[in-house]
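Remarks on the structure that follows.
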Amino acid sequence: MVRGWHGWFGTFNGVVLITMVVLPLAALAVWLLARRRRAAGSTSAWRTSLADVGIVYGTVPWVWMIMLPGDQAGVVSGRVTVVPLRDLLTIVSDGGPVTATFQVIGNLLVFAALGFFAPLRFPALASVPRILALAAGCSVLVETAQYVLRLDRVSSVDDVLLNAAGAGLAALASRRWWRATPDTSTDRRPQPASAAGR
C-alpha cells in the first residue's frame, strides 16, 4: 500500500500509480490542445497534440523513476561504468536472467515515447540516426545528473546504449507515419482564395 508523500513520489510503485491516475488528464490535455489548434486552423491538430502529450507522458515517469535516490544517496560517491556490456553481464550473473530481462526492458522504455512521437511532431527529427543521437544525449544528461547528485546509482554506458536503442526501435515503429508531415503551426489560418492567388 502506498502511503504518504514519499510513498507516492519517492517509490517506483508510487510513480507507477501516479502515471495511471494521470492518464485521463493526459487524454484531456490531448483533446484540449487539439481543439485549440483546430480552431487556429491547424490541419494536423490531433496528431500534433497526441505527439506533444505522448512525449511528456511517456518519458517523464521513466526519468522520474531512474532519478529516485538509492538507500545511500548523498553518502556514497557516484559510480561510473564506461566499459560496454559490463553492467549487463554483472546483472545476469548476480540477479539472473529474469532480473536482467526486466532491467533491459526498463532501459529500452525510458526514451521510447520520445523516439516514437518526436519524428511525428518535429519533421527535422524524422530520422533514426537523429533519434538515436537525441536519446543518447538525453541519457548522458540523466546519467551525469545521477552522478553529480550522488543518488547512489551507477552511471553506466550500458544505460545510455539501451536508452538510445529503445528510442531507435520506437522510432522505427512509427516510421510509416513520418511521411504525413504534421503542420507544426498552431496559428496558421487558411488564406482567402483571392489572397492565395496573388
Side-chain angles (χ1 to χ4, degrees), residues 1-23 26 54-119 125 127-175:
M1 180 116 185
V2 177
R3 296 183 180 179
W5 285 102
H6 180 265
W8 281 100
F9 296 98
T11 65
F12 289 104
N13 290 341
V15 175
V16 170
L17 287 174
I18 288 174
T19 303
M20 293 169 56
V21 168
V22 172
L23 180 58
I55 289 171
V56 175
Y57 180 81
T59 304
V60 169
W62 291 104
V63 174
W64 186 353
M65 282 191 277
I66 61 179
M67 291 299 291
L68 290 176
D71 295 335
Q72 300 295 316
V75 178
V76 297
S77 299
R79 292 160 289 169
V80 179
T81 301
V82 295
V83 179
L85 304 182
R86 176 179 285 178
D87 275 352
L88 287 177
L89 294 174
T90 301
I91 292 170
V92 171
S93 63
D94 293 349
V98 174
T99 301
T101 300
F102 278 108
Q103 183 77 28
V104 169
I105 292 173
N107 276 301
L108 289 173
L109 291 175
V110 171
F111 292 115
L114 179 67
F116 188 92
F117 289 111
L125 292 175
S127 160
V128 173
R130 291 175 188 170
I131 290 297
L132 288 171
L134 174 63
C138 291
S139 185
V140 167
L141 288 176
V142 170
E143 296 296 313
T144 302
Q146 288 179 340
Y147 178 81
V148 171
L149 297 174
R150 300 174 68 188
L151 297 179
D152 188 24
R153 290 184 171 272
V154 178
S155 299
S156 171
V157 69
D158 286 354
D159 291 341
V160 175
L161 294 174
L162 288 171
N163 294 164
L169 292 172
L172 287 173
S174 68
R175 191 170 191 172

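Remember, predicted model here, so these are calculated numbers, not experimental data.
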If you look only at distance, which donor and acceptor atoms sit under 3.5 Å apart when one is on a side chain in residues 136-144 and the other is two or more places apart or in another chain?
from	atom 1	to	atom 2	distance (Å)
Ser139	OG	Asn163	OD1	2.7
Glu143	OE1	Ser156	N	3.0
Thr144	OG1	Val140	O	2.7

Residues forming a side-chain contact (heavy atoms from CB on, under 4.5 Å) with Leu88, sequence neighbours excluded: Leu85, Val104, Asp158, Leu162
N/O donor-acceptor pair under 3.5 Å between Arg153 side chain and Gly70 backbone: no
Does the side chain of Thr19 reach to within under 4.5 Å of the side chain of Tyr57, using non-hydrogen atoms? yes
From CG (Leu68) to CD (Gln146), nearest 0.5 Å: 10.0 Å
Using every non-hydrogen atom in the two residues, find where Ala164 and Leu132 come nearest and quote the distance to one decimal. O-CD2, 3.1 Å
Nearest heavy-atom neighbours spanning Thr59 and Ile55: OG1-O, 2.7 Å
Output for pair (Ile131 CD1, Phe111 CZ), nearest 0.5 Å, gives 12.0 Å
Going from CZ on Phe102 to CD1 on Ile91, what distance comes out if it is rounded to the nearest 0.5 angstrom? 13.5 Å
Which residues satisfy the side-chain contact (heavy atoms from CB on, under 4.5 Å) test with Ser127, sequence neighbours excluded? Pro129, Arg130
According to side-chain contact (heavy atoms from CB on, under 4.5 Å), who are the partners of Ala112, at least two apart in sequence or on a separate chain? Leu109, Ala170
Exercise: identify the closest heavy-atom pair between Ala100 and Val92: CB-CG2, 3.4 Å
Leu134 and Leu114: CA distance, side-chain angles, deciding distance, side-chain contact (heavy atoms from CB on, under 4.5 Å) verdict: CA-CA 9 Å; Leu134 174 63; Leu114 179 67; 3.9 Å; yes
Rounded distance [0.5 Å steps], CZ in Phe116 versus CG in Leu169: 12.5 Å
Does some side-chain heavy atom of Tyr147 sit less than 4.5 Å from a side-chain heavy atom of Val154? no
Residues passing the side chain to side chain donor-acceptor pair (under 3.5 Å) test with Ser174, sequence neighbours excluded, are Trp178
Is the shortest heavy-atom distance from the side chain of Met65 to the side chain of Val110 under 4.5 Å? no
Ile18 side, atom CD1; Leu23 side, atom CG - distance, nearest 0.5 Å: 14.0 Å
Which residue pairs satisfy the salt bridge (charged side-chain N to carboxylate O under 4.0 Å, His left out) criterion with at least one member in residues 78-94, sequence neighbours excluded? Arg79-Asp152
Spacing of Trp62 atom CH2 and Asn107 atom CG [to the nearest 0.5 Å]: 9.0 Å
